[in-house]
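Report on the following structure.
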Amino acid sequence: MLYKGNLGDIMDITILAIETSCDDTSCSIVVNGKKVLANIVSSQIDVHNLTGGVVPEIASRQHSDNIVYVIDETLKKANISLNDLDAIAVTTGPGLVGSLLVGVEAAKVLAYSLNIPLIGIHHIKGHIYANYLENDFSFPLLALVVSGGHTELIEMNDHYSFQKIMQTTDDAIGEAYDKVARVLELGYPGGPIIDKLAAGGTYLKDIKYNNNKLSEFSYSGLKSSIINYVNTMKMKKEEIVKEDVAYTFQEYAIEQIIYQVQKTLTNKQYKQLLLCGGVAANSKLREEVQKLPIEVLMPKISYCTDNAVMIAAYAYLKYLKKEFVSFSLKADPNLEM
Amino acid sequence: MDLIIDSSKKKLYIGIKTDKIKHFFFDTAGKHSEFFIVKIEEVLNSNNLKLKDIKRIYCGIGPGSFTGIRLGITICKVLAYTLECELYAISSLALMTNSQKEVIVIDDAKSKKSYLRIQAKLRVDILDTIIANEEIDSYLQKYNSYEVFNYHQKFHEYDYTVEILDEFSQVKTPFDLRACYIKEI
């Protein structure tokens with residue numbers, strides 16, 4: 001909406017964003033990619049805890065049941081009406097196709113019926129821009145994306161260029177957290193539970209692992225070491241101290257991240273390191289990255305996991321470039337950067 | 001104007017009712033999502049109608065393709081929410097038949113199963129359910145005078161009638177529109 005002020009016309013851009021790429025139905029309203037008017041997340045953790053992970057069809061059904069409720073709550077919380085919106089943004093991928101589709105269709109209907117632009121957002125770019133809410137970016141920068149589906153280093157030279165320079169050769173770090181949590185019978189999602197448990201544990205020398213020989217990210221080897229240890233202990237009928245297993249796993253998991261980031265930082269003069277994705281909420285990781293010789297940005301804990309605020313933040317930069325999409329927009333579970 | 005939508009079947013169905021009803025079917029090659037809004041826009045434009053002319057939305061809630069059902073439900077809910085119009089739901093099996101006749105509806109539910117509904121005029125003999133494909137013959141024999149609809153696309157695909165709109169049940173608010181999947185995951 002256009003406001004007349006002393007300094008002339010100042011355009012405030014109000015964007016409603018929807019994010020349904022996995023198991024959370026999220027809707028947010030953000031002004032100019034910075035000012036959060038409302039952020040509503042309807043979590044399905046209780047539903048998926050029963051199965052130890054996300055069942056895609058159940059996730060899609062929940063999204064479809066919740067979507068209008070979540071949009072309505074967001075508008076009420078922001079205390080604005082549909083007509084105050086300047087654009088609608090939505091995550092188009094990557095993610096679970098059935099889940100993405102619900103968000104994409106809802107966004108299309110909103111944009112269509114309100115006659116305002118529609119903006120499609122890449123989920124990972126959203127995670128990177130969770131950092132934009134409270135900071136400004138200095139390029140070139142290095143974005144570390146760590147989540148249940150991703151373990152990547154991305155180089156950015158401006159707001160619109162994303163170059164993947166390292167990724168995982170097998171499992172994502174968050175996936176390894178979930179699997180270790182399952183082996184220890186701790187529940188889902190594994191990240192926060194293991195992080196909390198690790199605080200009361202010590203190093204187990206029986207779990208042997210070496211991060212330094214890896215040329216890229218890899219978590220299947222570490223995961224196997226942990227599973228082997230737990231199975232061996234069970235066979236020997238010896239007591240498994242879960243805190244210690246959690247501590248040892250977390251030490252190795254985070255050590256690997258720091259090792260690869262350090263290596264990459266010596267290759268080029270980056271101005272900032274951005275922590276992005278669900279695992280950016282990990283206390284050990286947040287502590288260790290601050291020891292690195294570079295300015296580090298990290299999102300508020302609540303904006304680390306999937307949320308629509310980050311989608312609205314990047315949508316603002318796309319709005320400025322008028323990068324709008326048509327109503328034939330499709331959800332793409334394997335969307336490339 | 002009333003808007004009628006069913007996306008649970010292979011062809012995307014959009015109906016509009018002003019003084020009379022018009023039916024539109026679209027072959028989307030399995031991509032209902034990419035065509036849905038585009039086709040609604042096209043149908044409204046070609047009939048000189050606007051979104052805000054919509055007074056009531058009628059939505060087929062399944063059974064049928066899980067993804068298809070969800071698309072229709074999501075679109076109808078959000079549209080009813082933004083337009084603040086009335087919203088009605090009906091079984092997608094009932095929607096495809098003629099409520100004035102005696103009909104047996106059998107629709108492919110994949111994995112050697114079928115969705116079944118049997119109704120005679122306004123009386124429902126068998127409410128939407130799922131059966132194994134081996135059972136189809138016994139139902140066809142028992143109800144041999146009934147007209148067969150879409151027995152895996154060998155019979156009538158549809159016989160949409162205006163009277164069917166009376167059989168929709170009104171949904172209190174857009175929040176309350178729920179899918180009818182029947183088949184377990």
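Chain A is the first sequence line, chain B the second, and so forth, proteins listed ahead of strands; every chain is numbered from 1.
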Fill in the blank from the handout: When the 4.5 angstrom heavy-atom criterion is applied to B:F36 and chain A, the contacting part is side chain

Handout entry: Validation row, ring centre A:Y132 to ring centre A:Y316 under 6.0 Å
Key = no

Practice task
For each of A:L82, A:V68, A:V97, A:I71, tally heavy-atom pairs with chain B at distances under 4.5 Å, and name the one with the top tally.
Solution key: A:V68

Practice task
Verify whether one side chain among A:H122 and A:E336 offers a donor that lies under 3.5 Å from an acceptor in the other.
Solution key: no

Completion exercise
Applied to residues 306-319 of chain A, the salt bridge (charged side-chain N to carboxylate O under 4.0 Å, His left out) test, sequence neighbours excluded, yields A:K318-A:E323

Practice task
Using the test ring pair (Phe, Tyr, Trp, His ring centres under 6.0 Å), find all partners of A:F162 that sit at least two apart in sequence or belong to another chain.
Solution key: A:Y314

Exercise for the section: Please determine, among A:L110, A:L329, A:V102, the option with the most heavy-atom pairs under 4.5 Å with chain B. Expected result: A:V102

Practice task
Please determine, by modelled atom types, if A:Y129 and A:H159 share a side-chain donor-acceptor pair under 3.5 angstrom.
Solution key: yes

Exercise for the section: If a pair satisfies salt bridge (charged side-chain N to carboxylate O under 4.0 Å, His left out) and one of its residues is in residues 25-40 of chain A, list it, with sequence neighbours excluded. Expected result: A:K34-A:D136

Exercise for the section: List the steps and the verdict of side chain to side chain contact (heavy atoms under 4.5 Å, CB included) for A:I15 and A:I29. Expected result: CA-CA 6 Å; A:I15 297 179; A:I29 297 172; over 6 Å; no

Problem - Pairs of heavy atoms under 4.5 Å with chain A: top-ranked of B:L79, B:L51, B:L177 - result: B:L51

Anything under 3.5 Å between chain A and chain B that's a donor-acceptor pair? List each one with its distance, please.
{"residue": "A:E57", "atom": "OE1", "partner": "B:R70", "partner atom": "NH2", "Å": "3.1"}
{"residue": "A:E57", "atom": "OE2", "partner": "B:R70", "partner atom": "NH1", "Å": "2.9"}
{"residue": "A:S64", "atom": "O", "partner": "B:K77", "partner atom": "NZ", "Å": "2.5"}
{"residue": "A:D65", "atom": "O", "partner": "B:K77", "partner atom": "NZ", "Å": "3.3"}
{"residue": "A:D72", "atom": "OD1", "partner": "B:Y81", "partner atom": "OH", "Å": "2.7"}
{"residue": "A:E105", "atom": "OE2", "partner": "B:S33", "partner atom": "OG", "Å": "2.7"}
{"residue": "A:K108", "atom": "NZ", "partner": "B:S33", "partner atom": "O", "Å": "2.7"}
{"residue": "A:S113", "atom": "OG", "partner": "B:T82", "partner atom": "OG1", "Å": "3.1"}

Problem - Donor on one side chain, acceptor on other, A:N39 and A:N307, under 3.5 Å - result: no

